[in-house]
Amino acid sequence: MNFEEINLNTLPKHIAIIMDGNGRWAKQRGKIRVRGHEAGAKAVRKTVEAAAKLDIEHLTLYAFSTENWNRPKSEITTLMSLLVRSLRRELERMTKHNIRLSAIGSLGKLPANVQQELEEVVKKTALNTGTHLTLAISYGAREEIKQAIVQISQKVKNNIIPVENIDETIINEHLYTQHLPDVDLLIRTSGEVRISNFLLWQIAYAELYFTDELWPEFDEQSLHQAIISYQKRERRFGKTSEQLT
Ligand code: FPP
């Protein structure tokens, strides 16, 4: 048990996770990729509940990237139906654990039933005050930044925002994550050490944590381990160590 090692006063406010390795997990066991995604959905449940237990304010999970649309059609269909099933199944548990659900990404590109299911769970959990779970689905950071630039440019053109007023706050307000604080801790599983177009703007000062565990293996202990590692780091935000004390 590694729970005692966690300092409850310095928890990260916003944890984001790149859930990677479902396919490899399945392959290692001689199973088809879909089984890996199903096991991945169970790891999602465990991780969300572990975060809720710790009262982590925001948890953002990379469930499907804009690039994932290039996967074989059959895998996309399975992932979408797994998403719908999970949302339906988890609503009760989310309510029990006081979890609020949001979704970010090019949500209009999702099949209608996925959009409907998402809208419903978002609505039904909107008043929950515990951990705020955000699913990044059909999400790409460059697309997110591009659409922010388009929106801001239109407002400049229509004299709603003077160009000299554009600052980081205004940019934040036009991102999908306008309601979220910056990421404090970014976790990626499966041994890959890259960001893959996830929350590029929001991770500017995040602590990065990479683990060799494949996503279906990730559990409460793994989350605790990542938080313990985060708490050992000194976050300087560009300052010197001396200035922090
Ligand atoms: C990466 O593994 C995982 C995904 C592309 C999908 C993530 C989906 C889930 C965890 C399941 C459902 C989600 C929710 C929110 C219920 P990969 O397939 O890229 O693995 P590989 O790199 O080993 O092939």
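Counting starts at 1 for both ligands and their atoms, following the listed order.
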Asker: Going through the checks in order, is the side chain to side chain donor-acceptor pair (under 3.5 Å) test met by S229 and R233?
Answerer: CA-CA 7 Å; S229 164; R233 320 238 184 127; 3.1 Å; yes

Asker: Counting the benzene-type ring for Trp, do H132 and H14 have ring centres under 6.0 Å apart?
Answerer: no

Asker: Is it true that R88 and E120 have a side-chain N and a carboxylate O under 4.0 angstrom from each other?
Answerer: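 Judged by the 4.0 Å cut-off on N to carboxylate O distance, R88 and E120 do not form a salt bridge.
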
Asker: Under 4.0 Å from a heavy atom of S86: give me the atoms of ligand 1 that qualify, with their elements.
Answerer: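 Result: 16 (C).
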
Asker: Examine distances only and state if a side-chain atom of T240 and a backbone atom of Q243 form a donor-acceptor pair shorter than 3.5 Å.
Answerer: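 Yes, the answer is positive, given that a donor and an acceptor are paired below the 3.5 Å cut-off.
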
Asker: Just which atoms of ligand 1 are under 4.0 Å from any heavy atom in N68?
Answerer: 5 (C)

Asker: Taking both backbone and side-chain atoms of R71, is any N or O found less than 3.5 Å from an N or O belonging to ligand 1?
Answerer: yes

Asker: Compute the minimum heavy-atom distance from L61 to ligand 1 and say whether it is under 4.0 Å.
Answerer: no

Asker: Looking at ligand 1, does any of its N/O atoms fall within less than 3.5 Å of an N/O of G23?
Answerer: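 So ligand 1 has an N or O lying under 3.5 Å from an N or O of G23.
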
Asker: Return the closest protein heavy atom for atom 14 (C) of ligand 1 as residue, atom name and distance.
Answerer: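 Answer for atom 14 (C) of ligand 1: L83 CD1, 3.9 Å.
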
Asker: Can you tell whether the side chains of R33 and E75 come within less than 4.0 Å, N to carboxylate O?
Answerer: yes

Asker: For a 4.5 angstrom cut-off between non-hydrogen side-chain atoms, does H37 reach T78?
Answerer: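 H37 does not reach T78 side chain to side chain.
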
Asker: Look at the aromatic rings of F198 and Y139 and report parallel, tilted or perpendicular, splitting at 30° and 60°.
Answerer: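 If you compare the ring of F198 with that of Y139, the planes turn out perpendicular.
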
Asker: Please determine if D20 has a nitrogen or oxygen closer than 3.5 Å to a nitrogen or oxygen of ligand 1.
Answerer: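 Between D20 and ligand 1 (N or O atoms, distance only) the closest approach is under 3.5 Å.
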
Asker: To the nearest 0.1 Å, how far is atom 1 (C) of ligand 1 from its closest protein heavy atom, and which atom is that?
Answerer: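 Nearest neighbour among protein heavy atoms for atom 1 (C) of ligand 1, to 0.1 Å: M19 O, 3.1 Å.
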
Asker: Examine distances only and state if a side-chain atom of N98 and a backbone atom of T129 form a donor-acceptor pair shorter than 3.5 Å.
Answerer: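 Present.
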
Asker: Check this for me: does any side-chain nitrogen of one of R85 and E117 sit under 4.0 Å from a carboxylate oxygen of the other?
Answerer: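 No salt bridge links R85 with E117.
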
Asker: Mind checking whether R24 has an N or O less than 3.5 Å away from an N or O of ligand 1?
Answerer: yes

Asker: So is there a nitrogen or oxygen of R33 less than 3.5 Å from a nitrogen or oxygen in ligand 1?
Answerer: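 The answer is yes, given that R33 and ligand 1 share an N or O pair closer than 3.5 Å.
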
Asker: Counting only heavy atoms, tell me which of L214, T78, L135 gets closest to atom 15 (C) of ligand 1.
Answerer: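 Among L214, T78, L135, the closest heavy atom to atom 15 (C) of ligand 1 comes from L135.
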
Asker: Starting from the C-alpha separation in whole Å, work towards a yes-or-no answer on side chain to side chain donor-acceptor pair (under 3.5 Å) for E144 and Q202.
Answerer: CA-CA 11 Å; E144 178 185 32; Q202 301 86 340; 3.2 Å; yes

Asker: Look only at interatomic distance and state if W215 has a nitrogen or oxygen under 3.5 Å from any nitrogen or oxygen of ligand 1.
Answerer: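 In this structure, W215 places no N or O atom under 3.5 Å from an N or O of ligand 1.
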
Asker: What protein heavy atom sits nearest atom 9 (C) of ligand 1, and how far off is it?
Answerer: N22 ND2, 3.7 Å

Asker: Return the closest protein heavy atom for atom 7 (C) of ligand 1 as residue, atom name and distance.
Answerer: A63 O, 3.4 Å

Asker: Considering only protein heavy atoms, which is closest to atom 12 (C) of ligand 1, and at what distance to one decimal place?
Answerer: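 Protein heavy atom with the smallest distance to atom 12 (C) of ligand 1: L82 CD2, 4.0 Å.
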
Asker: To check your reading of the model: name the closest protein heavy atom to atom 11 (C) of ligand 1, its residue, and the distance in Å.
Answerer: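 Among all protein heavy atoms, the one nearest atom 11 (C) of ligand 1 is H37 O, 3.6 Å.
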
